[in-house]
Structures are given as C-alpha cells and as structure tokens.
Amino acid sequence: MVTYELFEENEGCKIRVTATGVESFPSDVPEFRRESCEGGWKYFINQRLKEYLEK
C-alpha cells in the first residue's frame, strides 16, 4: 500500500510517500530491494511528476 501526504512549505508543497507491505516481497528480486524502490520513486517524483505538472 502506498500513501501520499502533502504539506504546505513556503511557497510550495512537500510530498511524503510511504510504502507498506514491501517486507513481504521476495528478497531475491533486485527490483524489490529498498534502493531500487527509492530510486524509482525519486525518478517519478523529481522528473516525471514535475514534467507533468509543468504542462
């Protein structure tokens, strides 16, 4: 499960993404490792979401 929280911050907002249940994923699958998940979320939020919102 993934939850998103938005917080007002100065003249923008801050987003907090929390994923739960990932501990049940197989540990031998590289795509399910914490580092891989963090990298994916950072890419989505910092690049793709930003591009979408700027349209």
Side-chain angles (χ1 to χ4, degrees):
M1 180 160 86
V2 177
T3 58
Y4 304 89
E5 297 174 86
L6 299 173
F7 304 93
E8 285 187 50
E9 189 171 274
N10 299 322
E11 294 183 21
C13 75
K14 181 178 188 176
I15 184 171
R16 178 186 300 156
V17 179
T18 305
T20 56
V22 294
E23 61 277 350
S24 66
F25 292 173
S27 61
D28 60 341
V29 179
E31 293 82 6
F32 292 149
R33 290 194 185 126
R34 180 182 178 103
E35 297 81 13
S36 179
C37 292
E38 286 178 351
W41 280 111
K42 286 178 182 177
Y43 168 76
F44 172 74
I45 292 169
N46 294 327
Q47 189 169 342
R48 302 299 295 158
L49 182 59
K50 181 181 178 191
E51 291 171 2
Y52 175 78
L53 295 173
E54 289 176 344
K55 288 183 179 182

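The residues of the chain are indexed from 1 along the displayed sequence.
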If you look only at distance, which donor and acceptor atoms sit under 3.5 Å apart when one is on a side chain in residues 22-30 and the other is two or more places apart or in another chain?
unit_1	atom_1	unit_2	atom_2	d
Ser24	OG	Gly21	O	2.7

Quiz item: Which residues satisfy the ring-ring contact (aromatic ring centres under 6.0 Å, His included) test with Tyr43, sequence neighbours excluded?
Solution: none
Exercise. Please list all pairs passing the salt bridge (charged side-chain N to carboxylate O under 4.0 Å, His left out) test where one or both residues lie in residues 34-43, with sequence neighbours left out.
Key: Arg34-Glu38
Practice problem: Would you mind reporting whether Val2 and Trp41 have side-chain heavy atoms less than 4.5 Å apart? | Solution: yes
Contacts table for residues 5-12: side-chain donor-acceptor under 3.5 angstrom, sequence neighbours left out:
unit_1	atom_1	unit_2	atom_2	d
Glu5	OE2	Arg16	NH1	3.4

Quiz item: Is it the case that one hydrophobic cluster holds both Met1 and Val17, taking links as side-chain heavy atoms less than 4.5 Å apart, direct or via other members?
Solution: no
Under 3.5 Å, sequence neighbours excluded: what are the donor-acceptor pairs made by side chains of residues 48-55?
unit_1	atom_1	unit_2	atom_2	d
Arg48	NH1	Glu51	OE1	2.8

